[in-house]
Structure formats: structure tokens, C-alpha cells
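In the text below, chain A, chain B and the rest are named by the order of the sequence lines, each starting its count at 1.
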4 protein chains.
Amino acid sequence: MPESSSTPTPPPPGASATAADSAAPPGGRRGRPRSERADRAILAATREALGELGWEGLSLAHVATRAGVARTTLYRRWNSKHELAVDAVAALFDDLELPDLGSLRADLEEVVGRFARLLARPEAQAALYALFAEGARDAALRARIREAVVTPTKTLVRKGRAAAQSRGELPPDTDAASAEADIDLIYDTIAGTVEHRVLVTGEPPDPAWAHRFTTLLLQGLGAAGA
Amino acid sequence: MPESSSTPTPPPPGASATAADSAAPPGGRRGRPRSERADRAILAATREALGELGWEGLSLAHVATRAGVARTTLYRRWNSKHELAVDAVAALFDDLELPDLGSLRADLEEVVGRFARLLARPEAQAALYALFAEGARDAALRARIREAVVTPTKTLVRKGRAAAQSRGELPPDTDAASAEADIDLIYDTIAGTVEHRVLVTGEPPDPAWAHRFTTLLLQGLGAAGA
Amino acid sequence: MPESSSTPTPPPPGASATAADSAAPPGGRRGRPRSERADRAILAATREALGELGWEGLSLAHVATRAGVARTTLYRRWNSKHELAVDAVAALFDDLELPDLGSLRADLEEVVGRFARLLARPEAQAALYALFAEGARDAALRARIREAVVTPTKTLVRKGRAAAQSRGELPPDTDAASAEADIDLIYDTIAGTVEHRVLVTGEPPDPAWAHRFTTLLLQGLGAAGA
Amino acid sequence: MPESSSTPTPPPPGASATAADSAAPPGGRRGRPRSERADRAILAATREALGELGWEGLSLAHVATRAGVARTTLYRRWNSKHELAVDAVAALFDDLELPDLGSLRADLEEVVGRFARLLARPEAQAALYALFAEGARDAALRARIREAVVTPTKTLVRKGRAAAQSRGELPPDTDAASAEADIDLIYDTIAGTVEHRVLVTGEPPDPAWAHRFTTLLLQGLGAAGA
DNA sequence: GATTAAACGAGACGGTACGTCGAGTCTTTCG
DNA sequence: CGAAAGACTCGACGTACCGTCTCGTTTAATC
């Protein structure tokens with residue numbers, strides 16, 4: 001979770017691991033510090049509960065019990081069930097890294113596979129679409145989702161596209177605005193299609209499907225060896 | 001909603017409007033028949049409430065009050081908030097028809113536009129992703145979604161693709177299995193990408209974006225004039 | 001149920017065995033006549049349900065099902081759950097007859113025993129006090145209770161006292177008003193005490209207790225051989 | 001309510017006001033303490049609602065609203081409408097004290113009068129018989145009634161009888177078992193008869209009736225001056 | 001080492017929605 | 001036209017969570 005900003009009153013846990021942290025509590029906080037163990041236990045408990053009970057079955061009371069923590073502690077740190085879920089699920093996206101296997105096709109198939117496996121996890125299935133749905137009405141939540149999920153994922157697209165361009169597999173940018181639109185389009189296409197395949201159509205994106213989809217994508221982008 | 005089947009005990013309203021209906025009442029139903037006015041009022045109230053309050057704000061008590069109907073009447077006809085929402089939202093998808101503007105590109109851009117406008121409606125935004133999320137855990141709900149939303153939509157893809165093939169814009173089928181996989185892929189790509197653009201990225205798919213996406217798709221499918 | 005009067009609109013079943021009945025449907029009733037089988041089945045079902053489920057567990061739906069009768073039929077014949085219960089329980093009081101064993105003490109002990117056994121039946125326990133409680137607020141119900149339960153029971157006291165007077169066991173009346181007050185007092189004392197013993201104290205009025213109580217009563221009334 | 005015991009999990013309010021209380025809180029209670037204001041408001045609201053609406057009209061929702069308390073608070077403290085009613089009505093019985101007017105007859109007439117006036121209160125009429133009826137099926141409720149209503153009332157009989165014996169108005173005990181049976185008989189007779197007079201016969205026990213009944217009782221018990 | 005401020009566990013509180021049940025009423029078709 | 005069937009309105013039920021609040025109890029950092 002990079003350069004997080006977040007609400008001020010109840011400082012969310014993810015926000016503490018920034019540069020300001022090493023510079024240390026400047027004025028010097030008094031009183032008992034928050035337990036980091038509790039944070040970890042809560043987020044883990046949230047993921048487990050999401051996986052077992054689904055979004056609607058997720059209750060803060062249950063999370064608190066499972067994490068061995070008082071209910072109050074949850075409310076002190078997160079403003080809502082939604083923000084807690086974002087933080088809990090965000091960690092799953094850390095596994096998504098750029099493979100760099102030498103060719104755009106290989107990288108693409110690998111990324112699609114990784115994303116599909118991520119979406120196959122029940123805690124991700126339970127949380128993602130529910131958060132997206134609520135995000136449509138709640139700007140603060142939308143920002144938090146963007147920060148925790150969208151931006152890091154889109155960065156992958158940005159990097160992978162640049163690498164392919166430097167290898168001559170994709171045509172170079174014409175102008176900055178067009179490049180940005182291109183990145184957004186690619187991102188929406190990959191993420192949206194895989195999500196839809198997994199969560200709506202309900203079939204796993206096996207390698208054969210990944211191959212087929214990658215072909216469509218490469219041809220669509222005018223890739224060199226397509 | 002074609003030849004729907006559905007649970008017998010609480011006969012869902014959408015299930016009755018089939019061919020079997022006119023031929024049906026064999027012995028003649030006993031007891032007071034269900035009010036069709038109520039059905040319409042409930043579904044309309046559900047759509048309005050979804051638009052105003054979002055998914056989590058939607059309560060059956062509120063829907064009942066707004067529809068001028070007793071709360072028990074809702075429970076008699078639908079097994080859950082989810083199934084009610086499916087029926088309420090399904091009607092929105094009736095507007096999605098194949099344009100047939102003469103060229104694959106024109107048809108595609110038109111369909112993308114229509115689907116985007118559909119997703120821009122707050123009731124659709126509120127319900128769709130929430131239903132998909134729950135559908136991941138509930139097979140019965142998933143089936144109902146498939147029947148009411150997925151199948152009709154996919155039919156559009158099937159017909160449009162066939163039309164393009166007959167016009168020579170798309171290569172003919174090699175074998176049946178491959179054709180089916182092709183249709184699924186196209187469907188997931190179009191639906192998933194547009195949904196992701198609207199609900200996650202949060203930007204409207206304006207004509208410029210639609211043109212760009214259509215280009216990607218046509219090239220990806222190896223269309224004739226791409 | 002003697003010379004019943006009762007509500008006019010839904011003619012209660014007990015009311016049918018009157019003079020008007022033998023005189024027969026004068027104008028000639030139209031349509032299907034009411035089933036007497038249904039009446040008996042309903043009252044029996046009511047008693048059974050009262051015994052098994054208690055007063056608060058008694059539901060008209062359950063009675064109807066058990067009696068093999070439509071719920072509508074119940075509402076057509078009785079105005080409320082309370083009146084149905086009165087009729088159902090009233091039949092139990094038919095067993096209470098004057099023993100006439102030759103002495104006041106023997107008669108008293110016998111009556112106390114019979115009344116105690118009546119109150120030991122679960123259907124009587126369930127219904128009686130609940131009806132009395134509701135009767136405190138509902139004059140119509142109170143009248144019906146009086147007619148079906150109180151008056152016949154009090155008649156026993158009246159007759160038994162007269163018999164004892166004629167045998168010289170009790171002093172003769174001084175005036176009519178005083179006699180009436182005497183009867184009321186005896187009735188309240190016997191009925192109230194036995195009921196309280198069974199339902200509140202919760203112990204069965206065995207013969208030893210009946211003997212003790214009878215002694216108190218005989219002495220209290222200034223009986224000859226007490 | 002003397003040295004009450006009561007269920008532990010939902011500690012009923014009346015149970016706390018004992019001598020053990022001041023010495024008690026041993027380990028120190030954790031969590032927010034229960035509001036005593038709420039207790040008082042709830043019991044008062046229950047009595048008022050009973051008086052106005054009767055037993056069947058008494059709903060916990062209404063009591064909660066009238067007491068200015070959340071509905072959940074009621075369920076947290078009492079297991080059922082019945083137990084709440086017992087606690088609400090029990091307070092009325094605190095007024096029943098032994099008069100000690102110097103003679104058994106005077107004491108008896110006074111007690112009968114007080115008891116009659118208590119039963120004339122609509123909240124008592126509404127609750128008492130309904131509770132007795134339910135108590136016939138529910139042992140826990142029966143115990144609670146015994147503790148809150150029966151035992152304190154019977155204590156009056158015990159004391160009054162002892163006082164009369166010490167004054168020589170009643171014969172002394174022969175043995176303990178017989179004395180106990182005597183007390184039970186007197187209690188059932190007084191309470192049962194007055195209740196029946198008020199609630200079933202429906203006429204108020206005025207002084208004339210009280211005198212007549214007292215005479216019966218004194219003669220029945222073999223009192224000295226009868 | 002004493003003070004002190006904040007985090008913490010526990011649990012009561014006012015709310016809101018849930019899904020179920022029963023009471024009565026109304027509207028059909030069948031006998 | 002009565003009876004069976006069943007949908008209808010209404011309102012209470014008891015439960016579950018929510019988010020807030022009040023307690024008494026740690027637990028470190030500061031004094």
C-alpha cells in the first residue's frame with residue numbers, strides 16, 4: 001500500500017508504514033500504542049470469514065471474535081466494513097508482479113493466469129464485486145479501492161506495455177494522451193474479461209482459454225508476431 | 001426470459017408469461033389468484049429503491065411500503081432479496097436488441113453504447129455486481145441470473161456473429177466446439193470490459209472509447225475490414 | 001348449553017338445537033346446509049390442540065387443519081378464538097352432575113373430586129384461566145362464559161343446597177336475597193378454592209384434601225352434623 | 001421479593017436488590033452496567049399497558065416504546081412476556097401486609113378487602129389469570145410466580161394464623177404436617193374465593209360480602225368467638 | 001518509580017431489518 | 001350457496017448486526 005493518505009481521525013493501519021514512520025513520532029505519542037498483532041489478526045480473520053461466509057455473511061462481530069479482539073477495536077481503526085475489506089483484500093494483490101518472460105505473449109498468458117488464480121480464491125470472489133458495487137455510490141470507498149487495487153494493477157499494464165514497446169512488439173506511443181487511453185483500455189479489457197469469465201460465466205480461465213484470449217488481445221493491439 | 005423453469009412452490013412471477021400459460025390451467029387453479037398489479041408495483045418499487053438507496057440500502061420492508069403491498073406478499077413470491085432483484089433488473093435487459101446497421105463495426109459500437117447506457121442506470125449499477133458476488137456462492141441464484149441476464153445477452157453475440165459471418169466480415173466456423181468457445185470469449189470480453197470501464201474505472205464509455213474498443217475487438221477477431 | 005342466545009350474524013353451532021330447529025327451515029334455506037360433522041370435528045380438534053399446545057399455542061389454522069376443514073369455515077361460525085374455546089370447553093362441564101349420595105358431606109366430597117378431575121385435564125387448564133382473564137375486558141365473552149360455564153355450575157350448588165335443607169342438614173332460608181347471596185358465596189368458595197389449589201398451588205386435590213376442605217365448608221355453613 | 005435466586009444468564013432486575021448486593025460485586029463486573037432507570041421505566045410501562053390493553057393486547061414493542069427503551073433491551077433482560085409480567089405485577093403485592101387489628105375477624109376482613117382492591121386494579125386482572133394459565137405448562141414460569149406472588153402471600157396467612165393462635169382464637173397445632181396442610185388450605189380458600197368472586201362472578205367483594213365470607217371462614221376453622 | 005493518556009476487553013444501549021407466524025378478510029373454483 | 005383453497009393486509013414475534021456508549025483494565029511513554 002504505497003503513499004496511502006486515508007481518513008485522519010481513525011488512522012488506518014496501512015497508513016503507518018510510510019516514510020513518516022521512520023522519521024518517528026515527532027511530537028511523541030502518549031498512551032498505549034496500537035497493537036500490530038491485532039491488525040494482522042483482524043485482516044487475516046477478515047479474509048477467512050470472507051472465504052467461508054461470503055460478503056453478506058461477513059459480520060464485524062464475527063471477525064472480532066475470530067481475531068480474539070474486542071469489537072470496539074475494529075471500529076476504532078476502520079470506518080466501515082467496506083474499508084476493512086479493502087485492506088484485507090489488498091494484500092492479495094501483492095502477488096501480482098510482472099513476469100518478464102521475454103515475449104509479450106508469454107507475459108500476457110502468465111499474468112492472465114495469475115489474475116485468474118487470484119480471482120479463484122473465495123475471499124477475493126466474495127469481496128471484490130461487492131466492493132465495486134458499493135464503490136459506485138461511495139466516493140471515499142472508490143478512492144480507497146483505486147489506491148489499493150486499481151492503481152497497482154494498472155501499473156503492471158503500464159510496465160508490461162513499455163517493455164513490449166522497447167522490444168518492438170508493440171508500436172511506439174504517438175502522444176501521451178493516446179498512450180494513457182491505450183493503457184486504460186488494455187487494463188479494462190484484461191481485468192474485466194477475466195473477472196467476467198470467472199465470476200459471471202463461472203468457468204475457470206484454463207490455459208486454453210488464456211491462449212485464445214491472449215491471441216485476441218495481441219491481434220487487437222496490432223502486436224508484431226500476432 | 002425464455003421458457004423459464006424456476007422453483008415450483010413459490011412460483012416466481014416471470015415464469016408464468018410463457019406459451020405454456022395459455023394452454024395451461026388444466027384442472028383450473030383453486031383459491032384466490034395472485035395479483036399481477038402487485039407484481040408490477042413490486043418490481044418497479046425495487047428498481048426505484050435500488051436506484052435511490054443502492055444495494056445495501058435496499059430493504060424488503062421499504063420495497064413493500066413503496067409498492068403498497070404487505071411485506072408477507074414479498075416473501076410469498078420470492079425466496080430472497082437476491083431473486084427479487086434479479087427479476088427487477090432483468091426487465092432492463094429487454095432493451096438490448098441486435099441493431100443490424102449493416103456492418104459489424106457499426107453494430108458493435110451500437111451494442112457497446114447501449115450496454116454502457118444500461119450500466120449507467122443507478123439501479124443496474126447497484127444490483128448487478130452485488131448479484132454477481134452473491135451468485136459466486138449460491139448456485140440457484142447463479143442459475144436465475146444466467147436465465148434472466150446472461151443467456152439473452154449472449155444470444156445477441158451469437159446472432160451478431162452469425163450475421164457478420166454471412167456478410168463475410170468474420171471467418172466461418174471451423175467446428176462447433178470452437179465456435180462456442182469463440183462466442184463465450186467474445187461475450188466475456190465485451191460484457192466484462194464495458195462493466196469494468198463503467199463500474200471500476202468509473203468513467204463513461206463515450207463514443208471515442210467505444211470506437212477504440214471496437215477497433216481492438218475487430219482486429220482481435222480478424223475481421224475483414226479491420 | 002341451555003336456551004342459548006348468542007350473536008346473530010354467525011349462528012353459533014350450539015344455538016341450533018332449539019325450538020326453531022324442530023320447526024324446521026320454515027322459509028326453506030337455500031344452498032348447501034352447514035355440516036354438523038364439521039362442528040363436532042372442530043370442537044374436538046380445539047380441545048385436543050388446547051391440551052397439547054396450551055392457550056397461547058392454539059391457532060385457528062392448526063385447528064382447521066386438524067379438523068380437516070377450511071379456515072374460512074371457522075370464521076364463518078365463531079367470531080373469535082375465545083368464543084370457539086368457550087364452546088369447546090363447555091362440553092366438559094356436562095359431566096358435572098349432582099351426585100345425591102344421601103348426605104351433604106358425601107355429595108360435597110364427590111363434587112369437589114369431580115371438579116378437581118375436570119380441572120386436571122390439560123385442555124381445561126389451558127383454556128379456563130385464559131378465558132377468565134380475557135373475560136374481564138370483554139363483556140360479550142363474559143356473558144358467553146356465564147351461560148356456558150358459570151350458570152350450569154351454580155345450578156348444582158343451588159340444587160345441592162336445597163336438597164340439604166330439605167334433609168335438615170342446612171338451616172332454611174330466611175329471605176330470598178340472603179339465599180341468593182348464600183348460593184353465590186358457596187359457589188365462589190368451592191370453585192375458587194379448588195381452582196386455586198389445582199392451578200396456582202399446583203397440587204392435586206386428593207381425597208384427604210377434599211375431606212379437609214369439606215369439613216371447613218360444613219362447619220362454615222353451620223351444617224347439622226359438622 | 002425475598003432473597004430471590006433466579007436465572008443467571010439474563011439476570012432479572014428484581015434479583016439484585018438484596019443484602020448480598022452491597023457485599024457482593026466480588027471480582028468486579030465488566031462492561032457497561034445495566035441501567036436501573038430502564039428497569040423502572042419498563043416495569044411501569046408494562047403495568048400501564050396491561051391496564052389499558054389487557055393481556056392479549058400487551059406487546060413488547062408497545063412496552064418498549066412507552067418506556068423509551070429499545071426493544072432489544074427487553075429481550076436482553078427477560079426471557080418472555082410472561083416473566084416480564086410477573087416482575088411487573090409482583091410489585092403490586094408488596095402492599096399486602098398483615099394488619100394486626102387485634103382480632104382474627106378484623107384482620108381477616110381487612111386482608112380480604114385489601115386483596116380485593118388489589119384484584120380490582122386492571123393491570124392485576126389482566127395479568128394474573130393469564131400467568132396462572134401459562135404457568136400450568138411452564139415450570140420455570142411457575143417457579144417465578146411462586147417466588148414473586150405465592151410465597152409472600154402465603155407468608156401472610158402463616159403469620160396471621162400464628163398470631164390468632166397466640167391470642168387463643170384458633171386451636172394450637174397438633175403436628176407440623178397438619179399445620180402446613182392447614183395453612184395451604186386457608187391460603188387456597190381465601191385467595192381462590194376472592195379471585196373467583198372478582199374475576200369470574202365479576203362482582204366486587206364489598207364489606208357485606210367480606211363479612212359473610214369471614215364468618216364462613218371463622219366457623220369453618222373452629223375459631224373461638226365465631 | 002509514579003503519572004498519565006490512550007488502547008483494550010467487555011458488554012449494555014438505541015436502532016433497523018430480517019424472516020416467520022397468526023389473525024382476519026377477500027376472491028377464486030368446485031360440489 | 002356453502003365449502004375448500006389460497007392470496008391478501010396487518011402487526012407482533014424473537015434474532016442478528018450495526019455503530020455508539022460506558023465501564024474497568026492494561027500498557028507504554030513521559031515525567
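- Put simply, CD on E36(B) is 14 Å from C1' on dT28(E), counting in whole angstrom units.
- A straight line from CD of E56(B) to P of dC18(E) spans 12 Å, rounded to a whole angstrom.
- A donor-acceptor contact under 3.5 Å is not formed by the side chain of R76(C) with the base of dG2(F).
- Across all strands shown, T72(C) has heavy atoms under 4.0 Å from base atoms, whether or not it also approaches the sugar-phosphate.
- Summarising the geometry, the separation between OH on Y75(B) and C1' on dG22(E) is reported as 17 Å, rounded to the nearest angstrom.
- One atom, CG of L84(A), and another, P of dC18(F), lie 11 Å apart when rounded to the nearest Å.
- T46(D) places none of its side-chain heavy atoms less than 4.5 Å from the side chain of E123(D).
- Across all strands shown, T73(A) has heavy atoms under 4.0 Å from sugar-phosphate atoms exclusively, and none from any base.
- One distance of note links CZ of R144(C) with CG of D138(C); it measures 11.0 Å at 0.5 Å rounding.
- Side-chain proximity of L60(D) to dC13(F), dA12(E), dA7(E): nearest is dC13(F).
- Within 6.0 Å of CD on E36(D) lie no more than 12 heavy atoms contributed by other residues, nucleotides or ligands.
- Atoms NZ (K81(A)) and P (dC17(F)) sit 10 Å apart, rounded to a whole Å.
- Ring geometry for Y129(D) versus Y129(C): interplanar angle under 30°, hence parallel rather than tilted (30 to 60°).
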Determine all donor-acceptor pairs shorter than 3.5 Å in which one atom belongs to a side chain in residues 53-60 of chain A; sequence neighbours excluded.
| from | atom 1 | to | atom 2 | distance (Å) |
| --- | --- | --- | --- | --- |
| W55(A) | NE1 | E56(B) | OE2 | 3.1 |
| E56(A) | OE1 | H82(B) | NE2 | 3.4 |
| E56(A) | OE2 | W55(B) | NE1 | 3.1 |
| S59(A) | OG | H62(A) | N | 3.0 |

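- Straight-line distance from the NE2 atom of H82(C) to the P atom of dG22(E): 16 Å, rounded to whole Å.
- A 4.5 Å side-chain heavy-atom check between R77(A) and D39(A) finds at least one atom pair inside the cut-off.
- Each of dT28(E), dA12(E), dA5(F) was ranked by its minimum atom distance to the side chain of R34(D); first place goes to dA12(E).
- Nucleic acid contact class of G68(A) (heavy atoms, under 4.0 Å, all strands): sugar-phosphate only.
- Looking at which nucleotide of DNA chain E each of A61(B) and V69(D) is closest to, the 5′-most match is held by V69(D).
- Comparing dT20(F), dC18(E), dA7(F) by their closest approach to the side chain of R71(A) singles out dT20(F).
- In the set dG19(E), dC8(F), dA12(E), the nucleotide with an atom closest to the side chain of R77(D) is dA12(E).
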Listing time: all N or O pairs from protein to nucleotides 2-5 of chain E that are below 3.5 Å?
| from | atom 1 | to | atom 2 | distance (Å) |
| --- | --- | --- | --- | --- |
| dT4(E) | O3' | R30(A) | NH2 | 3.3 |

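- Between the CG atom of D39(C) and the C1' atom of dA3(F) there is a distance of 13 Å, given to the nearest Å.
- For W55(A) and dC17(F), the CH2 to P distance is 15 Å, given to the nearest whole Å.
- Between E134(D) and K81(D), no side-chain nitrogen of the basic residue sits less than 4.0 Å from a carboxylate oxygen of the acidic one, so the salt-bridge criterion is not met.
- Along DNA chain F, the nucleotide closest to P33(D) and the one closest to L58(A) are compared, and the more 5′ of them pairs with L58(A).
- Atom-to-atom distance recorded for L84(B):CG and N79(B):CG is 11.0 Å, nearest 0.5 angstrom.
- At the heavy-atom level, L74(D) lies nowhere under 4.0 Å from the strands shown.
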